[in-house]
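Reckoned from all heavy atoms, side chains included, excluding hydrogens, waters and symmetry mates.
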Amino acid sequence: MSEEKLVNGLRNNDEGAYRYLMRYYPMCRKIIWQHGLDEQISKDIFQESILILFENLQKGSFQLNSKVSTYLYAVCRNLSLDESRRNGRMTAAHPDKEYANEDSYEIEMIFGEYEDLPSMKEILKEIEAMGSPCRYIIQLSYFNEAAITEIMKKMNYPTENATRQAKNRCMKRLKKIFKQKK
Amino acid sequence: MINEENKTELIEQYLHGELRDKDLNEFKERMQSDPAFRWEVALQQKIAFAVREEQRGHMKAKISKIFQEEIKEKGVTPVINIRSRRINLGIAAAFTLLLAAGTVFLLLRKDEPETQLAYLEVRLPKGVRGGLPLADSLAVQIIRGEDDYSFHYRLGDTLNLYGDFHPEELQLFYDPNQKQYFLWLKDKNYPLDESSNITPLTPD
């Protein structure tokens, strides 16, 4: 399978492309074992590496200038390093630090500070109840971190501005539900 | 200037790490001086987190299923660097032996472990006050049929349970004072420690 076909398959969530990735497991396992980790942890780390690759493909932060296998091995290596450091309570490295954008800043996770925020279950239930297009727009925005242009194409909006407005309306509607319940 | 009209979009840009210089400073100052605004940032952050975790769980289950199927069907190929003809001959002989051993192994081997993904709500124990951990539900991977682990766990970003567990029988608690998770199963309480090792479940 060519790199381009593989990347497109992974982007489109094609099962065949994910099956193809399994050929990289032996090499990843070797890297993981070099960090003194066992078979079960190797399986977990390899699957987590594929998940990170999938997420970064969706976000567009993986570009074809590096091979899929090279990227996967780098993530495997960094996750193994984190795992072997974990007991020593050392700082965890970014799983794909070699490919991370150096301009980005650290985002503080502040939602844990508030007890009056809705639970994850309530949030997902309300998004589900919103139906289309809001449910799809929110999923695209927050899981795939899709750009406005991508949402515009997928949802057939005429302009970027119309897409942005639709997205804002959906988010405002969702936040209003929870503000009223507060 | 942050106003009602652009607030949602600016929060999103902040959460995506896209705000720069003056805009970023203004945003941070507003978060410090306006509790309602900070709450709204937290809400939007939790919405993003919830969507991401849910979709991640689905994807994780899909990858895990493919992985188990492929391992079951094809096994794991060893990684070998072939350097010379002599080594090649040695490897060929070794492979012949491995092939024979593999045939015997395939005839005798047991079924591959079966994996089930579930989400458990994280609760506070009765009478305990304080905040829950960041995620109020935790992805739990139940792995049945692992020869070496019949009543074990490993707690990391997700909770892996090894053995014949059923999600409907499990409850998960978090004690913020002890910073400790507990698994409640069949009237027994099992403390869970974060570790990269697979550990037997031992009641309190």
**Student:** Could you measure the distance from the NZ atom of A:Lys43 to the CD1 atom of B:Ile143? Nearest 0.5 Å is fine.
**Tutor:** 8.5 Å

**Student:** When rounded to the nearest 0.5 angstrom, what distance separates OG in B:Ser64 from CD1 in A:Ile50?
**Tutor:** 10.5 Å

**Student:** With a 4.5 angstrom heavy-atom cut-off, is it the side chain or the backbone of A:Phe178 that approaches chain B, or both, or neither?
**Tutor:** both

**Student:** Below 4.5 Å from any heavy atom of chain A, which atoms of B:Arg38 appear? Answer side chain, backbone, both or neither.
**Tutor:** both

**Student:** Please check if the number of heavy atoms outside B:Glu5 that lie under 6.0 Å from its CD is greater than 12.
**Tutor:** no

**Student:** Using the ring of each side chain (for Trp, its six-membered ring), is A:Phe46 parallel, tilted or perpendicular to B:Phe67, with breaks at 30° and 60°?
**Tutor:** tilted

**Student:** Less than 4.5 Å apart, side chain to side chain, heavy atoms only: is that true for A:Gln40 and B:Tyr162?
**Tutor:** yes

**Student:** Are any of the side-chain heavy atoms of A:Glu55 and B:Arg56 separated by less than 4.5 Å?
**Tutor:** yes

**Student:** Please determine whether the number of non-hydrogen atoms from other residues, nucleotides or ligands lying under 6.0 Å from atom NZ of A:Lys181 exceeds 12.
**Tutor:** yes

**Student:** Kindly compute the distance separating NE2 (B:His16) from OH (A:Tyr142), expressed to the nearest 0.5 Å.
**Tutor:** 6.5 Å

**Student:** Ignoring hydrogens, what is the shortest heavy-atom contact between A:Met120 and B:Ala50? Give both atom names and the distance.
**Tutor:** CG-CB, 4.0 Å

**Student:** Taking atom CG of B:Leu43 and atom CG of A:Leu174, what is their separation to the nearest 0.5 Å?
**Tutor:** 7.0 Å

**Student:** Quick one: does A:Asn13's side chain get under 4.5 Å of B:Lys62's, heavy atoms only?
**Tutor:** yes

**Student:** For the residue pair B:Phe49 and A:Ile123, establish whether any side-chain heavy-atom pair is separated by less than 4.5 Å.
**Tutor:** no

**Student:** Quick check on A:Lys179: does its NZ atom have over 12 non-hydrogen neighbours (other residues, nucleotides or ligands) under 6.0 Å away?
**Tutor:** yes

**Student:** Pick one of side chain, backbone, both or neither for B:Glu12, based on which atoms fall under 4.5 Å of a heavy atom in chain A.
**Tutor:** side chain

**Student:** Is any side-chain heavy atom of B:Asp148 closer than 4.5 Å to a side-chain heavy atom of A:Glu39?
**Tutor:** no

**Student:** Tell me, yes or no, whether the heavy-atom count around B:Glu169 atom CD, taken from other residues, nucleotides or ligands under 6.0 Å, exceeds 12.
**Tutor:** yes

**Student:** Between B:Pro35 and A:Tyr114, which heavy-atom pair has the shortest distance, and what is it?
**Tutor:** O-OH, 4.4 Å

**Student:** Below 4.5 Å from any heavy atom of chain B, which atoms of A:Arg23 appear? Answer side chain, backbone, both or neither.
**Tutor:** neither

**Student:** Passes side chain to side chain contact (heavy atoms under 4.5 Å, CB included), A:Tyr18 versus B:Met59? Steps please.
**Tutor:** CA-CA 11 Å; A:Tyr18 283 89; B:Met59 199 58 209; 3.6 Å; yes

**Student:** What's the spacing between B:Leu15 CG and A:Ile110 CD1 if we round to 0.5 Å?
**Tutor:** 8.0 Å

**Student:** Does the distance from a Lys or Arg side-chain N to an Asp or Glu carboxylate O, for B:Glu4 and A:Lys172, drop under 4.0 Å?
**Tutor:** no

**Student:** With a 4.5 Å limit on heavy-atom distance, are the side chains of B:Lys60 and A:Phe54 in contact?
**Tutor:** no

**Student:** Under 4.5 Å between any side-chain heavy atoms of A:Leu21 and B:Ile63, yes or no?
**Tutor:** no

**Student:** So what's closer than 4.5 Å to chain A heavy atoms on B:Asn6: side chain, backbone, both or neither?
**Tutor:** neither

**Student:** Looking at side-chain heavy atoms only, is the closest gap between B:Ile47 and A:Pro118 below 4.5 Å?
**Tutor:** no

**Student:** Just how far is it from atom CE of A:Met109 to atom NZ of B:Lys46, taken to the nearest 0.5 Å?
**Tutor:** 10.5 Å

**Student:** Find the one option among A:Leu37, A:Asp44, A:Ile138 whose heavy-atom pairs under 4.5 Å with chain B are most numerous.
**Tutor:** A:Asp44

**Student:** Check this for me: does any side-chain nitrogen of one of A:Arg135 and B:Glu54 sit under 4.0 Å from a carboxylate oxygen of the other?
**Tutor:** no

**Student:** Tell me if a side-chain donor or acceptor on B:Glu9 pairs with a main-chain N or O of A:Asn168 at a distance below 3.5 Å.
**Tutor:** no

**Student:** Is it the backbone or the side chain of A:Glu126 that comes under 4.5 Å from a heavy atom of chain B, or both, or neither?
**Tutor:** neither

